[in-house]
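Take a look at this one; I'll ask things after.
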Amino acid sequence: MKQFHVAIDGPAGSGKSTISGLIAKKLNWTHIDTGAMYRAVTLWALNNKIDLNNESEYRFLEKINISYENDQIFLNGINVSIDIRSEEVTNNVSLVSSFPYVRKKMVDLQKKAAENISVVMDGRDIGTVVLPNADLKIFLTANVEERAKRRYAENVQKGKVDHIDNVINDIIVRDEKDSTRKEAPLKKAKDAFELDTTYMTIDEVVNKIILMIEKKENL
Ligand code: CDP
């Protein structure tokens with residue numbers, strides 16, 4: 001069978017990563033969470049105290065190694081899947097990912113990772129920039145209260161105590177930054193299907209997208 005590329009984009013907390021991971025697992029394809037890659041860059045930048053506002057300081061990307069395998073993200077071979085979810089990373093990742101130099105580096109890695117394999121890749125610019133010829137493009141949305149509720153439940157499960165209002169605020173601020181940046185802003189590709197998941201369960205979303213994939217495969 002020919003390789004198949006699924007691009008899943010959408011705002012913060014819309015369930016992209018969970019849904020993409022489950023679809024890839026069911027189909028035995030590769031899942032790539034591009035948000036985790038931008039988070040790993042942010043983690044390195046914070047740990048090494050570079051000036052986050054100075055694009056030229058991101059040259060460290062020439063020297064470090066970022067890879068995503070089996071739903072885990074590695075920074076120079078070290079698994080940082082938990083560290084990239086810290087509040088400090090979350091608060092700075094939209095700034096870090098707004099720099100064209102950082103985006104070029106990550107997009108190159110992402111394009112390469114998708115070469116010759118079937119992938120489900122999720123992020124903000126997958127259907128528009130990274131995989132413009134994807135076989136299926138989905139734009140996942142849900143209203144902000146529902147997205148905050150999901151993120152809040154995730155945080156509680158990880159033992160992170162926060163106020164729901166802070167979670168709502170984080171989502172609103174990040175969506176605004178991601179949608180209004182100059183370089184590759186979050187937006188629905190013209191040929192993407194918009195799926196509002198506010199009143200859908202995870203299984204319903206996964207099954208719906210798998211049906212869409214099967215339909216396309218049989219064309
Ligand atoms: O928190 P959530 O899972 O919704 O976000 P994420 O997918 O982990 O992405 C974190 C941040 O990385 C986003 O808020 C964007 O600023 C940035 N990002 C991006 O610019 N382009 C992508 N393809 C993926 C993420």
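Whatever order the structure lists them in is the order used to number ligands and atoms, beginning at 1. Along the sequence shown, residues are numbered consecutively beginning with 1. No hydrogens, no waters, no symmetry mates; every other heavy atom, side chains included, goes into these values.
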Has ligand 1 got any nitrogen or oxygen that is less than 3.5 angstrom from a nitrogen or oxygen of Asp122?
no
For Asp125, the ligand 1 atoms with a heavy-atom partner under 4.0 Å come out as 21 (N), 22 (C), 23 (N)
Could you tell me whether Phe193 and Phe139 have their ring centroids closer than 6.0 angstrom?
no
Residue, atom name and distance, where the atom is the protein heavy atom closest to atom 10 (C) of ligand 1
Arg174 NH1, 3.5 Å
Before signing off on this row, confirm whether Ser97 and ligand 1 have an N or O atom pair separated by under 3.5 Å.
yes
Atoms in ligand 1 with a heavy atom of Arg151 nearer than 4.0 Å:
1 (O), 2 (P), 3 (O), 4 (O)
Pair Asp203-Thr201, side chain to side chain donor-acceptor pair (under 3.5 Å): steps then yes or no
CA-CA 5 Å; Asp203 276 352; Thr201 65; 5.7 Å; no
Using the side chain to side chain donor-acceptor pair (under 3.5 Å) rule, take Gln72 and Ser81 through it: C-alpha gap first, then chi angles, then the decisive distance, then the call.
CA-CA 6 Å; Gln72 304 291 310; Ser81 307; 3.0 Å; yes
Any atoms of ligand 1 less than 4.0 Å from a non-hydrogen atom of Arg85? List them with their elements.
8 (O)
Going by the atom numbers of ligand 1, which of them fall below 4.0 Å from some non-hydrogen atom of Gly13?
4 (O)
Counting from 1, what ligand 1 atoms have a heavy atom of Tyr38 closer than 4.0 Å?
12 (O), 18 (N), 19 (C), 21 (N), 22 (C), 23 (N), 24 (C), 25 (C)
Quick test of your reading of the model: are Glu145 and Lys149 salt-bridged, counting only N-O distances below 4.0 Å?
no
I'd like to know whether Thr90 forms a side chain to side chain donor-acceptor pair (under 3.5 Å) with Arg174, so could you lay out the CA-CA distance, the side-chain angles of the two residues, the decisive distance to 0.1 Å, and finally the verdict.
CA-CA 9 Å; Thr90 301; Arg174 225 148 34 93; 5.7 Å; no
Identity and separation of the nearest protein heavy atom to atom 25 (C) of ligand 1
Gly35 CA, 3.5 Å
Less than 4.0 Å between a side-chain N and a carboxylate O, is that true for Asp135 and Lys216?
no
For ligand 1, is any non-hydrogen atom under 4.0 Å from Arg39's backbone (N, CA, C, O), its side chain (CB onward), both, or neither?
side chain
Go through ligand 1 atom by atom and flag the ones less than 4.0 Å from a non-hydrogen atom of Ala12.
4 (O)
Has Arg103 got any heavy atom lying under 4.0 angstrom from an atom of ligand 1?
yes
How about His31 and Asn70: does a side-chain donor come under 3.5 Å of a side-chain acceptor?
no
I'd like to check which ligand 1 atoms, numbered from 1 as shown, lie under 4.0 Å from a non-hydrogen atom of Lys16.
4 (O)
Could you walk me through whether Asp9 and Arg124 pass salt bridge (charged side-chain N to carboxylate O under 4.0 Å, His left out), step by step?
CA-CA 5 Å; Asp9 291 300; Arg124 303 290 189 289; over 6 Å; no
re atom 24 (C) of ligand 1, the protein heavy-atom contact at minimum distance is Thr34 OG1, 3.3 Å
Out of curiosity, Ile126 CD1 to Lys111 NZ, how far, rounded to the nearest 0.5 Å?
10.0 Å
Contact partition for Arg147 relative to ligand 1, non-hydrogen atoms under 4.0 Å:
neither
Side chain, backbone, both or neither: which part of Met37 has a heavy atom under 4.0 Å from ligand 1?
neither
Relative to Tyr152, does Arg147 satisfy both conditions: NZ or CZ under 6.0 angstrom from the six-membered ring centre, and within 45 degrees of the ring's axis?
no
Quick test: of every protein heavy atom, which one is nearest to atom 12 (O) of ligand 1, and how far off is it to 0.1 Å?
Val93 CG2, 3.5 Å
Is there a donor-acceptor contact under 3.5 Å linking the side chains of Tyr68 and Asp71?
yes
Taking non-hydrogen atoms only, is Arg124 closer than 4.0 angstrom to ligand 1 via side chain, backbone, both or neither?
both
Polar contact flag, side-chain donor to acceptor under 3.5 angstrom, Asn92-Thr42
no
Can you sort out which atoms of ligand 1 are near Asp178, meaning under 4.0 Å from one of its heavy atoms?
13 (C), 14 (O), 15 (C), 16 (O)
Heteroatom distance test (Ala36, ligand 1): nitrogen or oxygen, under 3.5 angstrom
no
Look at ligand 1 and say whether Gln110 reaches it with a heavy atom at a distance under 4.0 Å.
no
Tell me whether Val167 is reachable from Val93 by hopping between hydrophobic residues (I, L, V, M, F, W, Y) whose side-chain heavy atoms are closer than 4.5 Å.
no
